[in-house]
Amino acid sequence: MTTDLIYIYCLTNSPPEFPETMKIKNLRSIAIGDFHVVVKEVSSQEFSEENFKRNLSDVEWLENNAREHVEVINMVMNHNTAIPFKFGTIFNAEESLGKFIIDYSESLSENFLKINGKEEWSVKIYCDRKLLSEKIDDLSEETAALEKQIMASSPGKAFLLKRKKSELIENEMDRICKSFGQNYYNDFKILSSLTNLNNLLPKEFTGREDTMILNAAFLVNKTKVNDFINIVESLRKKDKDSGFFIETTGPWPPFSFIYIKENLQ
């Protein structure tokens, strides 16, 4: 099988260290100017534009290769600052790769300064609205006041007030979720150098019954990672009984914070 394309994992600004486990993947680095590009040679039978698009529909192939892509970058990040490339980034030859690095060298240097000594952490927060509705009177003055009215009313009036409260509960849960989501974001932002808000995902994508209220990435200085994790644990304990769940993963390659611009002439 011919290996005639260059697959790109990441870029470093110092010679990368390859553990033995990485060497069996036929990895190497190419020095271009002040940078080192972590690459491997691949076959056009798998990674030509047409064949790559076809392989994306093969779930097993996609999972194996996407997982390897992130694992390699993470291992490089153990010893080097790394600019990650998107999964499936291919160059036809070292010459075209070298031209890309030269054309974007200023922006690449700026990105290295931005991410040096930092890690990307993903935070997804969900709300179990059924559990939240059971705790609503503890979190909403309006529903608590209406409940007092219900308790003091005649059966007929209480019936009407309960219908009113059902509508109020839905509105109050929307408000509380928005407020909690913003507060969570603010708490994590304080400990982050940069933040990136992503779209909220519907249940069919998350595979969960609860509702996503925050989907964000945070670029955290390594010296503050422990503080970041401690805040996560503290908030989990504080709010779990109200129906809020915090899902945190990391460290990840800083995909969300890399913006590469061509050098201005």
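All residue numbers in this chain count up from 1 along the given sequence.
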Quick check for you: to the nearest 0.5 Å, what is the distance between Trp121 atom CH2 and Ser256 atom OG? 14.0 Å

Counting C-beta onward and ignoring hydrogens, is there a side-chain heavy-atom pair between Glu247 and Arg208 closer than 4.5 Å? yes

Below 4.0 angstrom, N of the basic side chain to O of the carboxylate: do Arg28 and Glu94 qualify? yes

CG/Asn198 to NZ/Lys124 distance, rounded to the nearest 0.5 angstrom? 7.0 Å

Taking NZ, NE, NH1 and NH2 as the nitrogens, is one of them in Glu134 or Lys130 under 4.0 Å from a carboxylate oxygen of the other? yes

May I ask you to test the Lys222-Glu119 pair for a side-chain heavy-atom distance under 4.5 Å? yes

Is the closest side-chain heavy-atom distance between Glu68 and Tyr9 below 4.5 Å? yes

Neighbour count >12 (heavy atoms, 6.0 Å) for atom CG, Asp227: yes

If you measure from the Lys or Arg side-chain nitrogens to the Asp or Glu carboxylate oxygens, is any gap between Glu233 and Lys237 under 4.0 Å? no

Give a yes or no on whether Phe180 and Phe245 share a hydrophobic cluster (residues Ile, Leu, Val, Met, Phe, Trp, Tyr; joining criterion: side-chain heavy atoms under 4.5 Å apart). no

Check this for me, if you would: do Glu106 and Lys261 make a salt bridge, where the nitrogen-to-carboxylate-oxygen distance has to be below 4.0 angstrom? no

Nearest non-hydrogen partners of Leu219 and Glu120, listed with the distance: CD1-N, 4.2 Å

Shared hydrophobic cluster for Ile260 and Ile6 (ILVMFWY, side-chain gaps under 4.5 Å): yes

Verify the neighbour count for atom NZ of Lys238: are there more than 12 heavy atoms of other residues, nucleotides or ligands below 6.0 Å? yes

Checking the side chain of Ser234 only, and the main-chain atoms of Ile231 only, is there a donor and an acceptor separated by less than 3.5 Å? no

Is the distance between the ring centroids of Phe188 and Phe228 under 6.0 Å? yes

Taking every non-hydrogen atom, the tightest pair across Pro16 and Val76: CB-CG1, 4.5 Å

Side-chain touch Asn74/Pro253, heavy atoms, less than 4.5 angstrom: yes

Are Arg129 and Asp174 side-chain neighbours, meaning at least one heavy-atom pair lies under 4.5 Å? yes

Stepwise ring-ring contact (aromatic ring centres under 6.0 Å, His included) test for Tyr7 and Phe47: CA-CA 8 Å; Tyr7 184 98; Phe47 285 94; 5.4 Å; yes

Among Thr12, Asn116, Asn13, whose side-chain hydrogen bond (donor to acceptor under 3.5 Å, both in side chains) with Thr81 holds? Asn116

Distance-only donor-acceptor check, side chains Ser242 and Asp239, under 3.5 Å: no

Treat each ILVMFWY residue as a node, draw an edge where side-chain heavy atoms are under 4.5 Å apart, and state whether Val70 and Val37 are in one component. no

Within the 6.0 Å centroid threshold, strictly below: Phe85 and His69: no

